[in-house]
Amino acid sequence: MSFVHITGQLETDEAEAVIALAEAAQEHDGVAPLAEQTLLRVRHGAETGTTRFHLIFEETGSRPASLAGFAFAERTPGEPDAAEVVVLPKRRRRGHGSTLLRSLAEDAGPDGVRVWAHGRLEGAVALARSFGWEQVRGLLKMRLRLRDGTEAPAARTTGAATAGAAPSTGPSGQVPPAQGLPEPVLSDEVAERLAIRTFQVGTDEPAWLKANAAAFADHPEQGGVTLDDLRQRQAEEWFDPEGFFVAEETATGAIAGFHWTKTHADGAGLTDGEPVGEVYVVGVDPAWQGTGLGRALTLVGLRHLRDRGLPWVLLYVDEENQAAVRLYESLGFTLWDADVMYAAP
């Protein structure tokens with residue numbers, strides 16, 4: 001027997017159970033089932049009315065009910081809920097995924113719900129299709145070798161949801177060898193007006209939030225980052241301001257663009273535990289787009305990660321952002337995996 005509990009705020013023991021479930025699923029599947037934003041919501045909560053947690057409990061004999069699955073929905077006004085679903089590996093094939101998907105749909109806001117399938121796992125894709133849902137968005141996961149002599153895990157690109165981006169691996173699916181990273185170069189006109197430096201904690205937050213909102217005005221998840229969201233990330237173990245680069249307008253102090261890098265201590269599936277880097281987020285204010293600032297900032301961050309001795313760097317990019325995909329491919333990144341978002345037609 002099972003039942004679903006829906007809440008806007010998790011109790012401490014519930015949050016701990018969700019984290020443990022997500023870790024078990026990642027170990028089993030080789031793919032993280034929940035995004036970083038979701039895990040932060042699980043641990044820290046969020047503003048009332050912006051999150052919905054769905055927990056499915058299973059009762060077995062005389063034992064107390066235990067968590068068998070979890071779904072999360074982020075609610076943004078004027079947008080469909082953005083959701084994720086994960087079922088404990090040993091409790092799968094019992095209908096819990098279908099139950100959670102129905103729960104999300106029934107509880108959704110007025111604009112409905114869309115659900116991510118991370119890594120296009122067969123079970124997740126089959127579940128979405130069994131409901132007649134269709135792909136509405138794709139997120140590409142790309143990688144770049146920073147150091148030779150490192151094994152490359154196989155790319156999971158079969159059936160990847162990319163109308164415009166085919167897997168860009170080398171011959172026979174081989175990942176290209178490490179290449180030298182060019183110097184970051186800005187035109188004289190742009191260089192005279194900007195200074196690239198590292199982020200100053202306690203000072204740069206307001207300017208960065210303004211620049212981020214402008215750069216991602218059409219991206220509800222990244223563009224909606226708040227000061228609380230930023231501070232939660234600054235409190236994470238991986239946060240390092242020395243790997244957070246901003247381009248400051250020398251005349252006004254405004255931030256024209258930024259490249260925030262991240263280090264994954266566990267290897268993020270690219271190594272057996274050796275840390276790897278990530279192009280966490282690159283943003284350029286619309287007034288500075290088309291000036292070459294995005295490429296220069298990307299190279300500044302990549303060279304920082306390379307100089308730390310990291311063997312790999314990964315990134316996520318929306319498949320519809322073909323300008324960014326072309327930029328990353330020009331720097332040597334290749335397609336590794338893809339996440340897809342499904343919704344009812």
Side-chain angles (χ1 to χ4, degrees), residues 1-29 31-60 63-77 79-92 94-119 121 124 127 220-222 224-239 266 339 341-342:
M1 179 179 176
S2 63
F3 61 93
V4 177
H5 169 58
I6 304 174
T7 180
Q9 193 75 29
L10 294 175
E11 299 293 337
T12 301
D13 60 335
E14 293 173 333
E16 292 173 350
V18 169
I19 297 296
L21 187 156
E23 290 174 348
Q26 181 171 353
E27 182 176 357
H28 181 272
D29 300 325
V31 178
L34 303 176
E36 177 192 62
Q37 174 79 348
T38 302
L39 293 173
L40 289 171
R41 297 293 191 237
V42 168
R43 292 204 297 267
H44 302 289
E47 183 180 348
T48 301
T50 62
T51 55
R52 301 288 283 173
F53 302 97
H54 300 243
L55 298 90
I56 186 166
F57 292 91
E58 187 176 278
E59 296 176 325
T60 54
R63 296 180 181 178
S66 59
L67 186 66
F70 170 75
F72 170 79
E74 183 100 24
R75 189 159 293 172
T76 303
E79 296 282 342
D81 292 358
E84 294 167 309
V85 175
V86 56
V87 176
L88 192 67
K90 64 182 180 181
R91 303 287 180 86
R92 292 176 181 174
R94 303 183 187 183
H96 295 324
S98 297
T99 298
L100 286 168
L101 205 57
R102 281 192 294 269
S103 183
L104 286 168
E106 293 169 0
D107 186 61
D111 296 292
V113 62
R114 300 183 297 186
V115 180
W116 281 107
H118 296 292
L121 297 175
L127 175 61
E221 293 140 339
Q222 181 63 34
V225 170
T226 65
L227 180 58
D228 283 344
D229 294 331
L230 177 56
R231 286 175 172 162
Q232 286 175 7
R233 285 161 175 76
Q234 289 174 333
E236 293 290 293
E237 290 185 6
W238 59 261
F239 178 73
D266 63 357
D339 296 342
M341 177 176 266
Y342 290 96

Next item on the list: Quick one: pull up CH2 in Trp116 and OG1 in Thr38 and give me the separation to the nearest 0.5 Å.
Entry: 11.0 Å
Check: What is the distance from atom CD1 of Ile56 to atom OG1 of Thr99, rounded to the nearest 0.5 Å?
Finding: 4.5 Å
Margin query: Looking at Arg231, I want to see if its CZ is surrounded by more than 12 non-hydrogen atoms of other residues, nucleotides or ligands under 6.0 Å.
Written below: no
Notebook entry, point to check: In this structure, which one of Asp81, Leu100, Leu101 forms a side-chain contact (heavy atoms from CB on, under 4.5 Å) with Val115?
Noted result: Leu101
Check: Between Ala25 and Pro89, what is the shortest heavy-atom contact and its length?
Finding: CA-CG, 3.9 Å
Next item on the list: Give a yes or no on whether the backbone of Asp229 and the side-chain of Arg233 come within a donor-acceptor separation of less than 3.5 Å.
Entry: yes
Check: For Thr51 and Ala46, which heavy atoms make the closest approach, and how far apart are they?
Finding: CG2-CB, 3.6 Å
Checklist line | Closest contact, heavy atoms only, Pro33 versus His118 | finding: O-CD2, 3.1 Å
Note to self: So which atom in Ala68 and which in Val87 form the shortest heavy-atom distance, rounded to 0.1 Å?
What the structure shows: O-CG1, 3.4 Å
Note to self: Rounded to the nearest 0.5 Å, what separates atom CG in Asp228 from atom CG in Leu40?
What the structure shows: 11.5 Å
Next item on the list: Check Arg75 against Gly109 and note the closest heavy-atom contact, atom names and distance.
Entry: NH2-N, 3.4 Å
Note to self: Nearest 0.5 angstrom please: Glu84 CD to Met341 CE, how far?
What the structure shows: 8.5 Å
Next item on the list: Could you please spell out the steps behind the side chain to side chain contact (heavy atoms under 4.5 Å, CB included) verdict for Asp111 and Thr76?
Entry: CA-CA 10 Å; Asp111 296 292; Thr76 303; over 6 Å; no
Note to self: Parallel, tilted or perpendicular, judged at 30° and 60°: which one describes the rings of Phe72 and Phe53?
What the structure shows: tilted
Item checked: Intermediate values then yes/no, side chain to side chain contact (heavy atoms under 4.5 Å, CB included), Val113 and Asp107 -> CA-CA 9 Å; Val113 62; Asp107 186 61; over 6 Å; no
Notebook entry, point to check: Which heavy-atom pair separates Arg52 from His54 by the least distance, and what is that distance?
Noted result: O-CD2, 3.8 Å
Next item on the list: Mind checking the CG-CG spacing from Leu67 to Leu88? Nearest 0.5 Å is all I need.
Entry: 7.5 Å
Margin query: Quick check for you: to the nearest 0.5 Å, what is the distance between Glu74 atom CD and Glu79 atom CD?
Written below: 11.5 Å
Note to self: Please determine whether side chain to side chain donor-acceptor pair (under 3.5 Å) holds for the pair Arg91 and Ser2, giving the CA-CA distance in whole Å, both sets of side-chain angles, and the decisive distance to 0.1 Å.
What the structure shows: CA-CA 11 Å; Arg91 303 287 180 86; Ser2 63; over 6 Å; no
